[in-house]
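For reference, the structure is listed below as structure tokens.
Below, read A as the first sequence line, B as the second, and so on, with proteins coming before strands; counting in each chain starts at 1.
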2 protein chains.
Amino acid sequence: MAQAQTLSRNQQIVLDIIEKAKGPLKAYSILFNVQKKGINAPQQIYRALDKLIEMGKIHKIESKNAFVACRSSDCEISKATAFSICESCEMVDEISDTKLSKYLSGFNHKKGMKFKRFNLEFFGICKKCKKD
Amino acid sequence: MAQAQTLSRNQQIVLDIIEKAKGPLKAYSILFNVQKKGINAPQQIYRALDKLIEMGKIHKIESKNAFVACRSSDCEISKATAFSICESCEMVDEISDTKLSKYLSGFNHKKGMKFKRFNLEFFGICKKCKKD
DNA sequence: TAACGTTTGTTATAATATAACATATTTGAG
DNA sequence: CTCAAATATGTTATATTATAACAAACGTTA
């Protein structure tokens, strides 16, 4: 096991908010939520987000410019991410499917480029929204 | 075959620039490049981009907020996109691999959500950059 | 304890994207 | 044809997302 990651104050505050959230959070919405804790500037949020991403604690949903907590414990350093995104309610689910992950990690581009990392985003309408 | 898409003036101008480019273009860089043609405002660019994306003529590279021309002729309406991105030179290549596309289009989430669309971005260092 | 790396705080500004409204142009049904 | 609807344009303003740059504090650890 790698050495335990100790989070700094701001990193912990930001991570807490993201973990408590039911869906992806935007940087400025995080900011508004932590102003009572003395964090006043976007930089402070973005710096914490950057570190948390590096550590694999959170992921960025690129199509939404939003951030979610990593739920897959084995996702050490987020080189292989896949998400399921509802286009109606904006819900995001991290997909941890070994087969999928292996398939994509082993995928090789015809043109010979070796991949270090991928990000996959699926879109659709979730069960809950279909009922409504 | 669906009816031929006729592009409006601005759409054509924007598409031309993107097609001529060697790599992904950002919206504001497109804007600066077309000011001589009488396009002055971001809105005009973003509106054209939106339509071109709808038509499947271009794709957005979400991780870069940039736009590339669609090279795969059979990519009617861009429900299944995959890209190879060099982290060094920023080169982007559209991947058209039938197997990959079928595999992902047929992928079903355990939680029962039916996907309509996906976007996959691979990252690495391209051959050319490896040499340098 | 001094030197180094990391984190913090802060102000300012850059880069990306949309709102809202007025007008013009194209298209298609009657 | 011709009017109505849909689409596209032009324009000003503003919202949203993200980074630059600099100074100070904190925490290792040699």
Side-chain angles (χ1 to χ4, degrees), chain A residues 2-18 21 23-68 85 87 90 92 119 121, chain B residues 2-18 21 23-68 85 87 90 92 119 121:
Chain A
Q3 99 185 65
Q5 297 281 9
T6 354
L7 300 182
S8 75
R9 194 186 105 93
N10 288 0
Q11 288 159 12
Q12 189 64 62
I13 291 173
V14 169
L15 180 57
D16 283 348
I17 296 258
I18 296 178
L25 289 184
K26 306 216 152 209
Y28 276 75
S29 119
I30 294 169
L31 176 56
F32 298 141
N33 273 285
V34 298
Q35 293 194 314
K36 52 199 161 207
K37 305 217 175 177
I39 298 183
N40 304 299
Q43 265 292 9
Q44 297 174 284
I45 302 298
Y46 282 104
R47 283 199 288 228
L49 290 172
D50 286 349
K51 292 293 179 187
L52 291 168
I53 288 171
E54 264 181 32
M55 295 175 194
K57 300 280 186 193
I58 63 171
H59 304 298
K60 179 172 187 182
I61 307 301
E62 295 287 356
S63 61
K64 302 176 98 53
N65 300 315
F67 304 85
V68 294
I85 302 170
E87 286 175 315
E90 316 259 286
V92 170
N119 179 55
E121 300 182 4
Chain B
Q3 98 184 64
Q5 297 279 10
T6 355
L7 299 183
S8 75
R9 195 186 106 91
N10 288 2
Q11 288 159 14
Q12 190 65 60
I13 291 172
V14 169
L15 180 57
D16 284 348
I17 297 256
I18 296 178
L25 289 184
K26 305 216 153 210
Y28 276 74
S29 120
I30 295 169
L31 176 57
F32 297 141
N33 272 285
V34 298
Q35 292 193 313
K36 50 197 163 208
K37 303 218 176 180
I39 298 183
N40 305 299
Q43 263 293 6
Q44 297 174 284
I45 302 298
Y46 281 104
R47 283 198 288 227
L49 290 171
D50 286 348
K51 291 295 179 184
L52 291 168
I53 288 170
E54 264 182 31
M55 293 174 195
K57 300 280 185 192
I58 65 171
H59 303 298
K60 180 171 188 181
I61 307 301
E62 296 287 356
S63 61
K64 301 177 98 51
N65 298 318
F67 303 85
V68 294
I85 301 170
E87 286 175 316
E90 313 260 287
V92 169
N119 179 55
E121 300 182 4

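Take A:Glu87 and apply the side chain to side chain donor-acceptor pair (under 3.5 Å) test, not counting sequence neighbours, and it matches B:Lys116, B:Arg117. The side-chain contact (heavy atoms from CB on, under 4.5 Å) check on A:Lys60 picks up A:Ile53, A:Glu62, A:Asn65, A:Phe67, with sequence neighbours excluded.
Of all nucleotides in DNA chain D having an atom under 4.0 Å from a heavy atom of chain B, the first and last in 5' to 3' order are D:dA8 to D:dT12.
Residue B:Lys64 is out of contact with every strand shown, counting any heavy-atom pair closer than 4.0 Å. The residue A:Gln11 sits close only to the backbone: its heavy atoms come under 4.0 Å of sugar-phosphate atoms, none of a base.
The interatomic distance linking A:Glu54 (CD) with C:dT6 (C1') rounds to 12 Å, in whole Å. Per the geometry, CD belonging to A:Gln44 stands 7 Å off C1' belonging to C:dT8, to the nearest Å. Atom C1' of nucleotide C:dA15 and atom NZ of B:Lys60 are separated by 12 Å, given to the nearest angstrom. Atom CG of A:Asp50 is separated from atom P of C:dT7 by 11 Å (rounded to the nearest Å). Atom CD1 in B:Ile53 sits roughly 14 Å away from atom C1' in C:dT16 (whole-Å rounding). Across the protein-nucleic acid pair, B:Phe32 atom CZ and C:dA14 atom P stand 11 Å apart, rounded to whole Å.
Within the model, atoms CD1 of A:Ile30 and CG of A:Asp16 stand 11.5 Å from one another, a figure rounded to the nearest 0.5 Å. With values rounded to the nearest 0.5 angstrom, B:Ile58 atom CD1 is found 12.5 Å from B:Lys51 atom NZ. Distance check, rounded to the nearest 0.5 Å: CD1 of B:Ile61 to NZ of B:Lys26 gives 11.5 Å.
When side chains are defined from C-beta on, A:Val14 does not count as touching A:Leu7, because their heavy atoms never get closer than 4.5 Å. Looking only at side-chain heavy atoms (C-beta outward), A:Gln11 and A:Met55 come within less than 4.5 Å of each other. Residues B:Lys64 and B:Glu121 have side chains not in contact (no heavy-atom distance under 4.5 Å, counting atoms from C-beta outward).
Heavy-atom distances to DNA chain D give each of A:Gln43 and B:Pro42 a nearest nucleotide, and the one nearer the 5′ end belongs to B:Pro42.
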Give the table of side-chain donor-acceptor pairs shorter than 3.5 Å for residues 32-45 of chain B, with sequence neighbours excluded, one pair per line with atom names and distance.
{"residue": "B:Asn33", "atom": "ND2", "partner": "B:Ser29", "partner atom": "O", "Å": "2.8"}
{"residue": "B:Asn40", "atom": "ND2", "partner": "B:Gly38", "partner atom": "O", "Å": "3.3"}
{"residue": "B:Gln44", "atom": "OE1", "partner": "B:Asn40", "partner atom": "N", "Å": "3.0"}
{"residue": "B:Gln44", "atom": "OE1", "partner": "B:Ala41", "partner atom": "N", "Å": "3.0"}

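Of all nucleotides listed (C:dT7, C:dC21, C:dA17), C:dC21 comes nearest to the side chain of B:Arg47.
Contact detail for A:Ile85 and A:Val92: the closest heavy-atom pair is CG1-CG2, 3.9 Å. When all heavy atoms of B:Leu49 and B:Ala27 are compared, the pair lying nearest together is CD1-CB, 4.0 Å.
Summary for the helix from C:dT1-D:dA30 to C:dG30-D:dC1: the axes at its two ends, each from 5 pairs, differ by 40° when rounded to the nearest 10 degrees.
Dashed line: the shortest gap from a side-chain N or O of A:Ser8 to OP1 or OP2 of C:dT8 is under 4.0 Å.
DNA chain C is contacted by B:Lys26, B:Tyr28 of residues 23-31 of chain B, taking any non-hydrogen atom closer than 4.0 Å.
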